[in-house]
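To start, the structure under review is shown below, and the notes come after it.
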2 protein chains.
Amino acid sequence: MKDLLPVIDYVSRYVDLTDDEKKHLATFLKITKVKKRQFIVQPGFVCKHKSYVVKGAFRGYLVDNEGKEHTLSFAIEDWWISDYSSLIYQEPATLFVEALEDSVLIQIEYEDEQKFLREIPKLEKFERIITQRSLAFQQKRLLSNFTKTAEERYDEFISKYAEIAKRVPQYALASYLGFSTEYLSKIRNRKTSKS
Amino acid sequence: MKDLLPVIDYVSRYVDLTDDEKKHLATFLKITKVKKRQFIVQPGFVCKHKSYVVKGAFRGYLVDNEGKEHTLSFAIEDWWISDYSSLIYQEPATLFVEALEDSVLIQIEYEDEQKFLREIPKLEKFERIITQRSLAFQQKRLLSNFTKTAEERYDEFISKYAEIAKRVPQYALASYLGFSTEYLSKIRNRKTSKS
DNA sequence: CGAATTTCCTAAACCAGTTCATTTTTATTT
DNA sequence: AAATAAAAATGAACTGGTTTAGGAAATTCG
């Protein structure tokens, strides 16, 4: 139970749970350890879990027809990650979700989640709120892609998510921001020569 | 009540409501008529409603620093529209939401929604599900922007949303797909000269 | 440790999509 | 039906970001 506290606490930020409810919720959680470069989601397989990062770093990405990678999301400590589409529709994933470091996760299985949403209706509210926030976040990202240049998006990311930028490889960052690694080098070069 | 049925039916697709609950929900809904070119959301003002389109067409867009427009969403009959960020955080909107035709809406006020979510907890589930679906949709759109060329995105949109493509102005469609109107003309030209 | 693999950087040619300036077509209003 | 405004088209010059191809660092792992 003690190891599962991070998720219990996370949920408690959004809804008040009784001790019984916390214990009940805990029975649905399980700890998973993964090594660097290991996949927790792969295209073709239905995504079975929603994962909370206790320790480590992850990256969710798609490989397109030309073999190019496009990063959809990162997750470090206290973030969640999965192939959202695959999870909610329980259809084969299109994304890879890969550990960028040796990591520790707390996972919730899809079927279990459906079960406890029925048993603890309060958690519906939790789900609704965090989904709404993800949606608002995604909307901002889409707009940022439309309205800003590559360099502006880079600057924005560095200032908002310095910690993530430090920990993930640069090709991953470039593919998250929507441009090539070569161009990222160019940007960085421009900056260091300026200052 | 009869005029409000479209929304009651919409909600009923996702959760089972008793007749009493339906009546209760109906008390929170109101019909609004708007003329073409009228705004239902404007930057600087807090977005107060979530709107369901009974009749007509809308477009949600942002105007960036250079004065360029970027369309985030369209809505025709049986779709919802609002400035989602502004609504859930109750902070000033960044988007315009404008009627593209004379239209009829059913609106839910923010405070009322908070109230009925408390009074009819079943509706939390409804909210969760539709928000999850919007999120999955947005994710696909982001990926499509990353992985596909302008022309591919155009083709995809035409085949998935023929009805919308027919009804909205082309500059709106171009700014939704993330390129200039001039380029959209070019694409269309390429197509007609081919066939 | 040392070899292999992964990651990062550089530079020149190139192209998808933009910008600018002007014209034609289509809606809207009186 | 004319007048005006809004939307769509066209073409030439341009640019932000890609591609290709190479070499230099940095990690990983036996």
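Each chain gets a letter, A, B and so on, in the order its sequence line appears, and its residues count up from 1. Computed over heavy atoms, backbone and side chain alike; hydrogens, waters and symmetry mates excluded.
For the pair B:Trp80/B:Tyr10, a side-chain contact is recorded, criterion being any heavy-atom separation below 4.5 Å from C-beta on.
Look at B:Asn189 and you won't find any side-chain N or O under 4.0 angstrom from OP1 or OP2 of D:dA9.
The aromatic rings of B:Phe116 and B:Phe28 sit tilted relative to each other, their planes meeting at an angle between 30° and 60°. The aromatic rings of B:Phe179 and B:Tyr183 lie perpendicular to each other, with more than 60° between the two planes, well past the 30° mark.
Looking at heavy-atom distances under 4.0 Å, A:Tyr183 makes contact with a base. If you check every strand for non-hydrogen atoms under 4.0 Å, B:Thr149 touches sugar and phosphate atoms only.
Counting to the nearest Å, the P atom of C:dT7 and the CD atom of A:Gln170 are 12 Å from each other. Whole-Å rounding puts the B:Leu184 CG to C:dA16 C1' distance at 15 Å. Going from atom CD of A:Glu66 over to atom P of D:dT20 covers 10 Å, rounded to whole Å. Atom pair B:Lys35:NZ and C:dT28:P shows a separation of 12 Å (rounding to whole Å applied). As a whole-Å value, the separation of A:Arg37 CZ from C:dT6 P is 7 Å. One interatomic measurement links the two molecules: NZ of B:Lys36 to P of C:dT29, which rounds to 8 Å at whole-angstrom precision. When rounded to the nearest whole Å, the span between CD of B:Glu152 and P of C:dA16 equals 12 Å. Between A:Arg190 atom CZ and C:dT10 atom P the separation is 13 Å, expressed in whole Å.
Taking the nucleotide of DNA chain D with the nearest heavy atom to each of A:Ala150 and A:Glu182, the more 5' of the two is matched to A:Ala150.
The side chain of B:Tyr171 has D:dA7 as its nearest neighbour among D:dA7, D:dT19, C:dT7. Minimum atom distance to the side chain of B:Arg153 is reached by C:dG17, of the listed C:dG17, C:dT10, D:dA7.
Between A:Phe58 and A:Phe74, the ring center distance fails the sub-6.0 Å criterion.
Between the side chain of A:Lys186 and the base of D:dT18, a donor-acceptor pair under 3.5 Å is found.
Environment of NZ in B:Lys122: crowded, with over 12 heavy atoms of neighbouring residues, nucleotides or ligands closer than 6.0 Å.
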